[in-house]
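Structure, as structure tokens:
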Amino acid sequence: MAHALREPGWYRAALGTLIGAAFGFGLVVILRLVSGLDAFQTEQTGYPQVIVPLITAPFGFLIGFGAFSYWFRWAAGKPTVPDDHSGHGATRWQDYFTFNTDHKVIGIQYIVTTFFFFFVGGLLAMLIRAELAQPGTQIVDPNVYNGLFSTHATVMIFLFIIPMFAGIANYVLPIMIGAPDMAFPRLNALSFWLLPIAGVIFMGSFLAPGGSFDAGWTGYAPLSTGAPLGQSFFNVGVQFAGASSIATSVNFLVTIITMRAPGMNLWRMPLLVWANLSTSLIVVGATPFIAGVQFMVLFDRIMGMNFFNFLEGGDVLSYQHIFWFYSHPAVYIMMLPGFGIISEVIATNARKPIFGYRLMALALLGIVVLSYSVWAHHMFVAGMFSWLRVPIMITTLLIAVPTGIKVFSWLGTLFYGKIHTYSTAMLFALGFIVTFTVGGISGVMLGMVPLDIHMSDTYFVVAHIHFVLFGGSVFTIFAGIYYWFPKMTGRMYDERLGRIHFWGTMIGTWGTFIPQHWIGLEGMPRRVADYASQFGEWNLVISFFSLILGLAQLVFLYNMVVSWKYGPKASGNPWRSKTIEWLVSSPPPTFNFDEIPRVVGGPYEYGTPGARHAIMGDEDAEATVPEPKPSSVPAAT
Amino acid sequence: MPKVPYLRLAIVSLAIGAVIAVLMIQIDWNGEAGSTAAGPIDALLDWMIIISSFVFAIVCVFLGYALYRWRVKPGDESDGLPIHGNTKLELTWTIIPTVIVLFAAGYSWAVLDDIEEVDSDPLIVNVYSQQFAWTFGYPTEGNKWSEGEFHVPVGRQVVFNMHAQDVLHSFWVPEWRIKKDNVPGITTDAVVTPDRVGTFQLICTELCGAGHSVMRAKVVVEPRKKFNRWVRGLEEEVPQGLYLTADQALEIQKQIQKAEGGIGGSGVDETTRDNVTQS
């Protein structure tokens with residue numbers, strides 16, 4: 001036992017958590033007593049004796065778990081232990097519960113963890129729809145209701161969509177660019193383990209006196225600065241989720257920039273790589289803003305710092321400016337990796353090069369640049385200086401252009417192709433195009449100031465965000481999971497169950513979110529526990545379809561779990577794709593390649609006889625294939 | 001390269017787009033109209049719905065055609081044509097959407113200027129919002145005060161000056177198509193010219209706490225004479241202690257603290273929430 005407590009692992013992590021919590025608690029109590037204050041402070045915005053341990057305990061956990069062991073030894077100048085790669089790769093399921101540095105293991109850890117939170121968030125959504133099925137208050141009181149939609153959104157955004165994309169890219173991106181791992185494997189593992197910590201903190205807020213945080217996922221001041229203790233859990237949880245996100249994106253940037261296989265120049269990178277490069281550029285620039293603004297709220301709450309206290313010269317609106325300076329770019333953090341996934345799935349299943357590949361890559365960069373200039377479209381009615389509205393409206397509408405380019409390019413890719421619609425991945429990709437187009441259209445409408453004045457903060461907005469985040473991001477996540485499932489697990493999933501899942505999701509999404517446009521414009525505000533009885537019938541319809549949507553996800557869960565265990569064995573390249581991750585076995589060997597592959601052409605050279613994207617190391621090095629020239633065949637004759 | 005009936009696809013897209021557009025604009029999207037702003041805003045929405053119908057139809061028709069024409073049977077392992085792009089086409093679908101969104105932006109700007117133009121003689125109404133109630137003052141009518149209900153004359157422009165007392169609230173009368181947040185510490189305003197007599201609802205649209213969904217007030221638009229009678233019938237004046245600006249709020253708080261002997265030694269500012277109600 002004493003040995004288990006000394007070696008990195010779960011026992012030492014548990015001990016570390018206790019020590020960390022005791023340290024934080026003791027620090028607060030002793031400092032307060034020394035200062036002549038009461039040991040405990042139980043103002044609802046205070047509780048330093050809870051908040052400080054909330055920050056120190058996770059560090060205790062991470063140190064105990066071994067996240068910092070190597071760095072500490074290095075920093076202390078001790079001789080470092082040569083890495084025997086024992087913490088790399090997984091041979092049994094227990095290896096997924098260690099501080100593992102293999103990007104493929106970390107990818108699986110991310111994906112499974114974030115799907116867990118997807119079902120948690122989904123359950124919260126089901127509770128929301130159950131309450132809203134009829135006018136009046138039936139199931140939860142308004143306070144609890146406010147907590148439900150706040151945690152639903154927070155879990156889905158910070159613990160599902162954003163880290164899910166990090167997880168998928170973690171698994172496939174290094175192999176795609178011909179790298180043996182990510183640039184910083186230990187940082188990569190740390191990024192993952194910050195995530196369950198954020199999850200525990202968010203969920204822990206349900207146990208706080210006064211209930212879970214309930215000021216919305218946007219946590220607008222001054223509602224949030226005066227809210228019960230649960231709000232502080234949100235402020236702290238966001239720090240861990242945000243740190244995870246920033247560390248991962250630094251890792252992706254370095255990996256993509258420096259670790260591509262020889263021959264892979266920028267214009268030979270698959271679009272998923274372009275997408276993650278773009279996303280990481282947004283994350284490193286924007287995420288510090290939400291971390292900062294949540295600290296400001298926490299400081300207002302605990303230390304009376306008055307950033308947003310108007311009585312002491314604070315500025316209420318500045319919260320929204322800083323918050324949206326992250327949270328609008330965050331919309332693209334939740335969308336660009338999905339664009340990359342769709343490009344891979346469509347090129348492979350249409351057996352054609354991506355139409356307008358370079359413009360597709362440039363469109364991603366265009367979105368990165370524009371994404372920083374549109375934040376204030378969330379504030380058209382917020383009372384900010386009115387001159388800012390028209391410039392922000394113009395940039396907001398312009399961002400529809402690169403987004404439109406992507407949709408048209410996917411359609412162009414389908415033309416003259418050989419389209420395989422057998423795989424569920426392709427169904428989700430096609431369903432995504434149609435569904436996301438609706439979300440894009442309502443987004444343009446919301447971007448127009450006179451329309452936004454009427455639509456803002458109504459169910460129209462709820463409809464729009466779910467069309468772009470569910471019909472957009474989540475559809476792309478499903479496309480990606482089905483597409484790479486054989487690669488990750490070495491087994492095939494059940495296409496029949498996949499089709500049931502797809503159609504259930506499609507019908508559920510449209511049935512749930514289309515009517516929300518109507519009731520919103522007719523006068524139903526968002527974030528309400530109760531509503532005027534005239535909206536009762538539509539809300540019942542919406543709740544019915546949301547149940548279909550929820551049940552369809554159980555089909556998905558069953559398919560994934562059973563196929564992972566019992567599915568037929570998958571070949572290395574079941575979709576006959578060209579990108580490098582398909583040129584290795586399924587699942588790939590621990591270090592991905594015996595020898596780094598050489599890239600000799602574009603990633604989507606379908607239809608050109610003999611054209612190759614990459615040559616694997618074990619192939620005859622002399623058998624180089626002449627680089628195919630891009631075809632000059634015009635699309636239209 | 002196999003021929004594709006592009007012209008016919010374009011015509012079919014336009015036809016289907018037209019059918020969708022005609023069906024869609026039959027729907028009374030925004031519900032009843034009750035102000036002069038509603039006309040231009042609803043017309044703008046109708047224009048966007050028409051344009052969007054065509055965009056949606058184009059995407060669906062071309063997607064549908066591609067699936068109809070080039071979907072393969074299982075077992076066909078051949079590849080599609082190695083087409084990498086077409087610069088002219090790519091430029092087209094960059095430039096046309098740019099023109100459309102710039103048109104939308106210009107049109108929106110014109111509508112915005114139109115609906116926010118202030119007349120020479122508007123009626124001023126002060127709006128005070130707090131968890132979870134609305135009250136109203138009439139500064140030009142002897143600073144009369146009304147709780148949970150306000151009246152305005154039909155056909156005369158009204159400027160609302162809004163003052164939140166505690167947290168953010170938002171002022172929305174759906175029939176007027178007008179919305180504005182009430183922000184603690186600053187005065188926000190909204191301009192509206194009601195043109196329909198009737199009773200409407202003022203709805204809070206910014207999450208403000210447990211009572212958010214029931215934070216409503218009654219809005220009565222009535223002929224001028226009836227309005228004058230109503231406003232003269234109001235007995236109370238706006239009470240002292242309602243915040244208009246941050247400075248004023250601070251002054252009021254200082255007086256309260258002075259009377260109560262300070263806020264104690266907790267180091268935490270306790271004035272932010274609980275005490276911030278009108279005294």
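Values below: every heavy atom of this structure, side chains too, minus hydrogens, waters and symmetry copies. Below, chains carry the letters A, B, ... as their sequence lines are ordered, and counting in each starts from 1.
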State, with a plain yes or no, whether a side-chain heavy atom of [X] is found less than 4.5 Å away from one of [Y].
X	Y	result
A:E605	B:H84	yes
B:L207	A:Y220	no
B:F171	A:V381	no
A:M445	B:I49	yes
B:D79	A:K418	no

Determine whether the aromatic ring centres of residues B:F62 and A:F408 are separated by less than 6.0 angstrom. no
Taking the six-membered ring where the residue is Trp, are the ring centres of B:W29 and A:F460 under 6.0 Å apart? no
Given that the side chain runs from C-beta out, which part of [X] has a heavy atom under 4.5 Å from chain B: side chain, backbone, both or neither?
X	value
A:S386	neither
A:D530	both
A:M455	both
A:V434	both
A:M393	side chain
A:Q320	side chain
A:R527	both
A:M384	neither
A:Y319	neither

Hey, is A:R389 close enough to B:E116 for a salt bridge, meaning N to O under 4.0 Å? yes
Residue, of [options], that accumulates the most heavy atom pairs under 4.5 Å with chain B:
options	result
A:A215, A:G417, A:A350, A:G383	A:G417
A:I354, A:V449, A:L359	A:L359
A:G412, A:A529, A:G523, A:P142	A:G523
A:Y531, A:W518, A:Y422	A:W518
A:T421, A:T437, A:V438	A:T421
A:R576, A:E522, A:K352	A:R576

Any residue meeting side chain to side chain donor-acceptor pair (under 3.5 Å) with A:S456, in chain and number order, not counting sequence neighbours: none
Chain A contact via [X] - which portion, at a heavy-atom distance below 4.5 Å:
X	value
B:T188	side chain
B:V59	both
B:I203	side chain
B:R216	side chain
B:P184	both
B:D28	backbone
B:C60	side chain

As a quick check of understanding, evaluate ring pair (Phe, Tyr, Trp, His ring centres under 6.0 Å) for B:W172 and A:H454, giving each step before the final call. CA-CA 8 Å; B:W172 184 38; A:H454 181 58; 5.5 Å; yes
Considering non-hydrogen atoms only, spot the tightest contact between [X] and [Y] and give its length.
X	Y	answer
B:T94	A:V401	O-CG1, 3.6 Å
B:S108	A:P450	O-CG, 3.3 Å
A:A221	B:L168	O-CD1, 3.6 Å
A:L414	B:A66	CB-CB, 3.9 Å
B:R177	A:I453	O-CG2, 3.5 Å
A:Y416	B:P2	CE2-O, 3.3 Å

Who among [options] has the most heavy-atom pairs with chain A under 4.5 Å?
options	answer
B:V173, B:I95, B:L63, B:T87	B:L63
B:A164, B:C208, B:P74, B:S78	B:S78
B:V55, B:I178, B:I96, B:D76	B:D76
B:D181, B:V111, B:I51	B:D181
B:W176, B:W109, B:Y107, B:W70	B:W70
B:C204, B:G31, B:S52	B:S52

Would one find more than 12 heavy atoms of other residues, nucleotides or ligands at under 6.0 Å from atom [atom1] of [X]?
X	atom1	value
A:F385	CZ	yes
A:R32	CZ	yes
A:W267	CH2	yes

Using the rule given for side chain to side chain contact (heavy atoms under 4.5 Å, CB included), can you reason through B:T98 versus A:L398, listing the C-alpha separation, both sets of side-chain angles and the distance that settles it, and then say yes or no? CA-CA 7 Å; B:T98 308; A:L398 280 177; 4.0 Å; yes
Quiz question: by atom type and distance under 3.5 Å, do the side chains of A:H420 and B:E77 form a donor-acceptor pair?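 Note: A:H420 and B:E77 side chains miss the donor-acceptor criterion.
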Check the pair B:H212 / A:V528 against side chain to side chain contact (heavy atoms under 4.5 Å, CB included), numbers first and verdict last. CA-CA 7 Å; B:H212 169 55; A:V528 286; 3.8 Å; yes
Stepwise side chain to side chain contact (heavy atoms under 4.5 Å, CB included) test for A:I419 and B:V72: CA-CA 6 Å; A:I419 304 170; B:V72 298; over 6 Å; no
Specify whether A:F415 and B:Y65 have parallel, tilted or perpendicular ring planes, treating 30° as the upper limit for parallel and 60° as the lower limit for perpendicular.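 A:F415 vs B:Y65 ring planes: tilted.
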